[in-house]
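So you know, we letter chains A, B, ... as the sequences are listed, proteins then strands, and number each from 1.
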Number of protein chains: 2
Amino acid sequence: METEYLKVTEREDEPVDGMQPFDVLNPACPSRTVLRHLTDRWTPLVVGVLAAGPARFGELRDQVGGVTAKVLTQTLRSMERDGLVVRRALATMPPRVDYELTALGRTLVEPLDALRGWAEQHAGEVLEARSSYDEATL
Amino acid sequence: METEYLKVTEREDEPVDGMQPFDVLNPACPSRTVLRHLTDRWTPLVVGVLAAGPARFGELRDQVGGVTAKVLTQTLRSMERDGLVVRRALATMPPRVDYELTALGRTLVEPLDALRGWAEQHAGEVLEARSSYDEATL
DNA sequence: CAGTATCCCGTGCGATACTG
DNA sequence: CAGTATCGCACGGGATACTG
């Protein structure tokens, strides 16, 4: 039987027993696109920075090394659309725009930080593994 | 002062105090490439499947919906190079190749499964957020 | 069965310049 | 300051066919 991915219209305050309709292993499942966004190039880094609290656009651009304004904007828009971030724009001159994690976005801090932590903590081992592999493959 | 990313030659059994040389926010830091690989399209899914135990190539291809042999091979090779997976090939006919997570790879199961779990559990909310956003943006 | 070999393409991402 | 507008491209990824 194929699972259809209809829009969920049920009230989410009446949880359905054992309902787990989303399966990342299924290529047709929308959770795929969700996971894909989480693993976008800059999303984990932006979440990491915003975990410390709201930040202005420029602060984000400065903290997240290497990102350009255009791509940072794209990333933030995508995150906003996915409900991970709120954008609050002050129509002053010069303008000021603050970004802040939503409640949903905050639930991402832990898992994404874990990943980021893994990368930093095990980078050494991975680098060594690569050397070994490349050497053996000569 | 700029941190240089030299090959770590120190014995890793004598931990250096507060040593945390890797910083994902630094565009020059090698941990960037590590994180990038972890967030490759198929890596989280492959890790998820291999978490249950070793698997043959065909099993992986079947379980990870939508992946082609070529790309799965690329993913597995990259993971092998990074020391996350061991490839064990039996030179029988027909051939049989088993893939298994290394000790290092196993430490990834928890963080990556957390991410995958997040995607599945919050897919509904994200989908709704997207609808709202798109509707408001009309 | 477990891959390669080719060919090919969208798009994520970057560089640069410009603006309200 | 916080973007947008353009242009351009490498490259991650896919379709298909073939092989030890």
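Hydrophobic clustering of Ile, Leu, Val, Met, Phe, Trp and Tyr side chains at less than 4.5 Å, counting indirect connections, unites Leu60(A) with Val71(A).
Proximity of Leu108(B) to Leu104(B): side-chain heavy atoms (C-beta onward) are nowhere separated by under 4.5 Å.
In terms of position along DNA chain D, the nucleotide closest to Met93(A) lies nearer the 5' end than the nucleotide closest to the other residue of the pair Met93(A) and Thr73(A).
Take Arg32(A) and apply the side chain to side chain donor-acceptor pair (under 3.5 Å) test, not counting sequence neighbours, and it matches no residue. The side-chain contact (heavy atoms from CB on, under 4.5 Å) check on Ala89(B) picks up Arg87(B), Val97(B), with sequence neighbours excluded. Residues meeting the ring-ring contact (aromatic ring centres under 6.0 Å, His included) test with His122(B), sequence neighbours left out: Trp118(B). Contacts of Glu100(A) classified as salt bridge (Lys or Arg N to Asp or Glu O under 4.0 Å), with partners at least two apart in sequence or in another chain: Arg88(A). Shown here are the side-chain contact (heavy atoms from CB on, under 4.5 Å) partners of Arg36(B), two or more places apart in sequence or in another chain: Arg41(A), Thr39(B). Taking Arg96(B) as the reference, Asp98(B) meet the side chain to side chain donor-acceptor pair (under 3.5 Å) condition, with sequence neighbours excluded.
Using a distance-only test at 3.5 Å, with no hydrogens or angles considered, no donor-acceptor pair links the side chain of Asp82(A) to the main chain of Leu84(A). Remark: side-chain polar atoms of Asp40(A) are not paired, donor with acceptor, to backbone N or O of Trp42(A) under 3.5 angstrom. Judged by distance alone, with hydrogens and angles left aside, the side-chain atoms of Thr102(B) form a donor-acceptor pair with the main-chain N or O of Gly83(B) at under 3.5 Å.
Looking at DNA chain C, the stems built from 3 or more consecutive Watson-Crick or G-U wobble pairs, each pair with its key distances under 3.5 Å, are C:1-20 with D:1-20.
A straight line from CZ of Arg77(A) to P of dA5(D) spans 11 Å, rounded to a whole angstrom.
For DNA chain C, the contact window with chain A, defined by any atom under 4.0 Å from a protein heavy atom, covers dC13(C) to dG20(C) in 5' to 3' order.
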Anything under 3.5 Å between a protein N or O and an N or O of nucleotides 11-14 of chain D, put it in a table, one pair a line.
unit_1: dG13(D); atom_1: OP1; unit_2: Arg36(A); atom_2: NH2; d: 3.4
unit_1: dG13(D); atom_1: OP1; unit_2: Arg41(B); atom_2: N; d: 3.3
unit_1: dG14(D); atom_1: OP2; unit_2: Trp42(B); atom_2: NE1; d: 3.3
unit_1: dG14(D); atom_1: N7; unit_2: Lys70(B); atom_2: NZ; d: 3.3
unit_1: dG14(D); atom_1: O6; unit_2: Lys70(B); atom_2: NZ; d: 2.1

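Judged as a side-chain hydrogen bond (donor to acceptor under 3.5 Å, both in side chains), the pairs with a partner in residues 55-81 of chain A (not counting sequence neighbours) are, in order, Arg81(A)-Asp134(B). Judged as a ring pair (Phe, Tyr, Trp, His ring centres under 6.0 Å), not a single pair has a partner in residues 49-100 of chain A (not counting sequence neighbours).
For DNA chain D, the residues of residues 49-61 of chain A within the heavy-atom distance limit of 4.0 Å (strictly under) are Arg56(A), Phe57(A), Gly58(A), sorted by number.
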